[in-house]
Amino acid sequence: MAKLDTSEIEHRLMQKWAQEGTYQFEAGRPREETFSIDTPPPTVSGSLHVGHVFSYTQTDLMARYARMQGKNVFYPMGWDDNGLPTERRVQNKLRIRCEPHLPYDPAFTPDPDPKRKDVTPVSRRNFIELCHAVTEEDEQAFEDLWTRLGLSVDWDQTYTTIDDRCRRLSQLAFLQLADKGEVYSSHAPSMWDIDFRTAVAQAELEDREVKGVQHRLRFGIEGSDSDPEGTLTVMTTRPELLPACVAVIVHPEDDRYASFIGRQAITPIFGTSVPVMSHPLADPEKGTGAVMVCTFGDTTDVTWWQELGLETRVILGRDGRLLPIAWGETGWASTNVARAQAGYDAIAGKTSKQAKVTIVELLRDSANAVDGSDRAPLEGEPVETIQQVKFFEKGERPLEIIPTRQWFIRLLDKKEQLVEQGRKINWRPEFMRSRYEHWVEGLKLDWCVSRQRYFGVPVPVWYPLDANAEPMLDQPIFADQATLPVDPMSEPPAGLESHQRDQPGGFTADPDVFDTWATSSLTPQIATGWPDNPDKHASTYPLDMRPQAHEIIRTWAFYTIARAYMIDGQIPWENAVISGWVLDPDRKKMSKSKGNVVTPIGLLEQYGSDAVRYWAAKARLGMDTAYDESVFRVGRRLVTKLYNAGKLVIGRLEAVDLAYDQVDSAQITNELDRSFLAGLDAVIVRATDLMANYETAAALETIESWFWSHFTDNYLELSKNRAYAGDPSALATWALSLSAVLRLFAPTLPFICEEIWGWYFAGSVSDDGAKPAGNSIHRCAWPTSEELQTATENASPDVFEIAVETIGQIRRLKSERAISIREEIPAMEVAADKAILGQLSAVIDDVVNAGAINSVKLTPSSEPASAGTLLEVSFP
RNA sequence: GCUCGAGUAGCUCAGUUGGCUAGAGCGCUGCCCUUACAAGGCAGAUGUCGGGGGUUCGAGUCCCUCCUCGAGCACCA
């Protein structure tokens, strides 16, 4: 019991728990005795921030509570290391870039000098090896932080989303879906990031506001050359897509354009003949009411293109630059080939942004864009506007829609069932359910799972090559499920030889990898041992709890529910527990990109792990919380108080050589003690109820406020004299109540509670049910009413409250007179109702002792005391 | 535009199914070194419960409406 040194305690206990396997999952115990958690595998992209500390602590509270309820807690940890964030981090950190066509160089070592301007191209295999090396380093740092924070994770249950088992399960789950006809590949317009050069899924899109300029483009109408009214004007923010125009759409009931429907319009400059058609999605209120459809400017274009069977004229390449296009007899048709080609050559090879500028200049300069007329193709002045544009959530330039071949998992045919699955899950807080439902109901696309990247789980597919070495994409060769994981880029499919790779009549690999979510949506299966360890799976699945943040309801939660439904028709977990965000004092979300992040390890050093956990535990589930360091200080104060209270109580118990297993609650006969314990009992009942409902913050509030106002500030003060005098009732009460207090705080403050527990309670106690057994408080039972029953029989908390009110008034009188609490007062008078005085008289000795009162007079009064009090204390 | 959440003391927040005089912590003021604790203790001050209307014996809490902030989804020519 030296001076409190939280850092020393933390390091010592971290080691003890690891050595003793305090948090180990016990294989073989039945499902109903198990509490299993589908832990979010954090993205291993460099560093954890204070938001992680916040939400993972909230999960740990539930894990620890369940463990104290006698549950066999299954609390695994995963690292999500596959995917773009890792690739990007490795690229930046090591100054390299993956160039898949390069040969493997076993001797390559990166030069991470940050001053170096250039970037070294490396082979795919080198790149993947370096990704592994970097993530291993990061994962160790993450584990160290979690351990220091006191997460009661079973470190034997870990996985990384790129490890062999995850790659195998990810591929297996995909192949099983292929067997059921739930996956397909198609060459279709897809959301495409031109920087990462990969397709992205609907769930990874986000809208951002971008300044745009609206231009009015005048199209000619075929056969109306001489008619001054024979033009049609469209409005567009993407004039550079004019060569990709395939139709003009108007609303079927728009009278202005009724006579144009069914005729052909001629695009300015390029002289392309495109049909004028009607479709209800054209909004007469917007722009001119007439829209040009391009392949592809936005998702509505895709809809029109599909529903109206329009032509395809793609001009954007995968790098976001305009493709070279030939016009004329063998190329694209135009009423004026030379002019179309000249116009296009001016924009070919440019980015969309550059081409936009050029094409507007061309249109402006063009006096007679429409053949044989003088009508200027640009009408009026451009108008600036703010538009909502779709971005990849990790991207920096707007997404384009580019036709590519991608693999999809069918979801659109399961929307109703997936909403239904969501209704079987308890969402905490409940209102988060609506986020899930809105997302499912708003789904527009199947799940695009292929990515044109490198550090991921390979799509386990090859294609046969025909005699011309062209892949037969409609005849994919799926990998044998017994040989997973497989890398089609380095292994041949069953029945073929490596030398046939990329040869006519041979095979070629699908070069893509899966979307990270395609693997992380399987964490319930990965963690619980599906399908290799059926016993473990049966004893942990479906899991009890999925903790996660609200911004990934549409990705992780949704995909996980969908995968589980397709695998076994079940919900993956009973409870979706949604944490809030940590906001900085300006109420912006704290994130690395905003540069306002505080490093967690520094906080743990400064305030102690328990104090940081206290801050996380005080926040209500699902509520965003402002980052406020004063709460850490409050937590630290609580830790210090517990330490000191523990020192006082245990110091006394040891001074009289009273071991915990000698404590006899039948000796608790003093009314103050009994009444105090009755109040503790009420706190236990309420806290237990709240914890069972995942209301950890409210439970802590209940325990904490009682601890200060009843336990330390009043009960210990009131009973101290008796305890020092060796009164068995007081000593037994001290032992029982401190034991309960430590266990109530143990989930929130695991370090200090374990430390104090070790001074006295650990190992010295019997294993008779209510009394805790074992060497660690974290394997002990959560307090119950039963363990206090002997002492609290027929006791009411009221007597203690009356004593508290009396000592409170004594202190106030002394405070008003500016005298020390120890200063002796010769006489005191208490006026109150007879019944109150009766209760008070049973405990008055403790009150006058604690208040240093020499004599007391109890005066019955028929008048009620002053408003709000039961009694009136005065010093005559 | 639709949906969800939030609005309570200077700050951060709690207020169960309507019920005594609306609470806590921080901060602030004053007092007290009391044998666990000065990294402490005790005491004190502080409110148009976002605005308006309604239901009720009674509304921070229920209903209607409006305002502000945050978020999700949709639209986005």
Side-chain angles (χ1 to χ4, degrees), chain A residues 1 3-4 206-207 209-210 212 214-217 234-238 248-249 281-283 285-294 297-301 385-390 429 431-439 441-444 550-551 553-554 580-581 583 585 587-589 618-620 622-631 633-634 636-652 686 689-690 693 695 697-698 701-702 704-705 708-709 712-713 716-717 720 724 807-808 810-823 850-852 867-868:
Chain A
M1 292 191 211
K3 190 169 160 45
L4 176 58
E206 70 181 27
D207 287 350
E209 287 195 343
V210 168
Q214 294 172 329
H215 303 273
R216 288 159 182 268
L217 270 52
V234 302
M235 190 165 83
T236 180
T237 52
R238 301 206 60 182
V248 173
I249 307 290
L281 273 182
D283 184 349
E285 304 289 311
K286 280 189 182 144
T288 62
V291 201
M292 73 168 183
V293 183
C294 304
D298 62 31
T299 50
T300 322
D301 284 349
T385 178
I386 301 285
Q387 32 175 186
Q388 301 285 325
V389 179
K390 288 193 197 312
F431 67 77
M432 291 294 179
R433 179 197 307 280
S434 65
R435 294 247 190 128
Y436 172 79
E437 293 193 0
H438 288 161
W439 175 256
E441 283 158 3
L443 267 188
K444 287 224 163 63
H550 53 71
E551 84 267 26
I553 288 175
R554 67 176 185 170
W581 280 341
L583 306 175
R587 311 219 57 95
K588 295 280 186 302
K589 186 195 174 192
K618 285 289 266 191
R620 246 179 11 157
M623 294 297 158
D624 295 346
T625 299
Y627 177 79
D628 180 0
E629 293 210 12
S630 68
V631 181
R633 286 195 283 275
V634 176
R636 193 173 52 184
R637 206 166 66 101
L638 174 60
V639 169
T640 307
K641 194 71 176 177
L642 264 170
Y643 180 86
N644 286 318
K647 228 163 53 170
L648 169 67
V649 169
I650 291 171
R652 269 299 90 202
R686 179 161 164 71
D689 185 48
L690 289 166
N693 284 302
E695 306 220 31
E701 171 63 29
T702 302
E704 186 195 6
S705 68
W708 286 104
S709 67
T712 62
D713 291 351
L716 291 181
E717 295 298 336
K720 204 190 264 180
Y724 270 88
I807 187 77
I810 293 169
R811 286 166 178 157
R812 190 177 314 138
L813 289 172
K814 290 191 173 184
S815 183
E816 279 164 9
R817 296 175 189 195
I819 57 179
S820 162
I821 189 72
R822 290 310 311 163
E823 178 140 339

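Which of rA71(B), rC37(B), rA74(B) sits closest to the side chain of Arg435(A) comes down to rA71(B). Here the side chain of Lys444(A) is nearest to one of rA77(B), rA74(B), rU3(B), namely rA74(B). The Thr300(A) side chain lies nearest to rC76(B) when the options are rC13(B), rU3(B), rC76(B). The side chain of Val634(A) has rG25(B) as its nearest neighbour among rG25(B), rC75(B), rA77(B). Taking the side chain of Arg637(A) as heavy atoms from C-beta on, and the options rA77(B), rG41(B), rA71(B), the nearest nucleotide is rG41(B). Candidate nucleotides rA77(B), rG5(B), rG41(B) were compared by shortest atom distance to the side chain of Trp708(A), and rG41(B) ranks first. Here rA39(B) is the nucleotide among rG72(B), rA39(B), rG25(B) with the atom lying nearest to any side-chain atom of Thr640(A). Among the nucleotides rA43(B), rC4(B), rC37(B), the one closest to the side chain of Arg812(A) is rA43(B). Closest contact between the side chain of Lys641(A) and the listed nucleotides rC4(B), rC75(B), rG41(B) involves rG41(B).
As rounded to whole Å, 14 Å separates atom P of rC76(B) from atom CD of Glu285(A). As a whole-Å value, the separation of Ile386(A) CD1 from rA77(B) C1' is 16 Å. Leu443(A) has its CG atom 13 Å from the C1' atom of rA74(B), to the nearest Å. Distance CG (Leu690(A)) to P (rA14(B)): 14 Å, rounded to an integer number of Å.
Two residues, Ser434(A) and Gly442(A), neighbour RNA chain B, and the one matched to the more 5' nucleotide by heavy-atom proximity is Ser434(A).
Looking at Asp207(A), its side chain has no donor and acceptor atom pair within 3.5 Å of the base of rC73(B).
Base pairing of rC33(B) is not made with any nucleotide, judged by Watson-Crick or G-U wobble geometry with both donor-acceptor distances under 3.5 Å. The partner of rG19(B) is rC57(B), by the rule that a Watson-Crick or G-U pair needs both atom distances under 3.5 Å. Within the shown strands, nothing qualifies as a pairing partner of rG47(B) under the Watson-Crick or G-U definition with both distances less than 3.5 Å. Across all strands shown, rC26(B) pairs with rG10(B); the Watson-Crick or G-U wobble distances both stay below 3.5 Å. Using the Watson-Crick or G-U wobble rule with both distances under 3.5 Å, rC4(B) pairs with rG70(B). Partner assigned to rA39(B) is none, using Watson-Crick or G-U wobble distances below 3.5 angstrom.
Shortest non-hydrogen contact noted between Glu717(A) and Thr712(A) is CG-O, 3.9 Å. For the pair Ile249(A) and Ala282(A), the tightest heavy-atom approach, listed with the atom from each and the gap, is CG2-CB, 3.9 Å.
Contact annotation for Lys720(A): base contact, defined as any heavy-atom pair under 4.0 Å involving a base atom. In this structure, Glu441(A) reaches neither bases nor backbone, as no heavy-atom distance under 4.0 Å exists between it and the strands shown. If you check every strand for non-hydrogen atoms under 4.0 Å, Thr712(A) touches a base. Among the protein residues, Lys390(A) comes within range of the nucleic acid bases, having at least one heavy atom under 4.0 Å from a base atom. Residue Ser630(A) is in sugar-phosphate contact alone, with no base atom involved, counting any heavy-atom pair closer than 4.0 Å across all strands shown. Among the protein residues, Asp298(A) comes within range of the sugar-phosphate backbone only, with heavy atoms under 4.0 Å from sugar or phosphate atoms but none that close to a base. At the heavy-atom level, Arg620(A) lies under 4.0 Å from the strands shown only through sugar-phosphate atoms. The residue Ala282(A) sits close to a base: some heavy atom pair falls under 4.0 Å.
Spacing of P atoms, rC33(B) relative to rG52(B), comes out at 50 Å, to the nearest Å. Here, rU48(B) and rG7(B) have their C1' atoms 14 Å apart, quoted to the whole Å. When the P atom is used for both rA22(B) and rA45(B), the distance is 13 Å, rounded to whole Å.
Considering only heavy atoms from C-beta on, Asp298(A) comes within 4.5 Å of Asp301(A) through its side chain. Between Glu701(A) and Lys618(A), some side-chain heavy-atom pair lies under the 4.5 Å cut-off.
OP1 or OP2 of rC73(B) has at least one side-chain nitrogen or oxygen of Arg554(A) nearer than 4.0 Å.
Side-chain contact check for Glu209(A) and Gln388(A): at least one donor-acceptor pair (N or O, by modelled atom type) lies under 3.5 Å.
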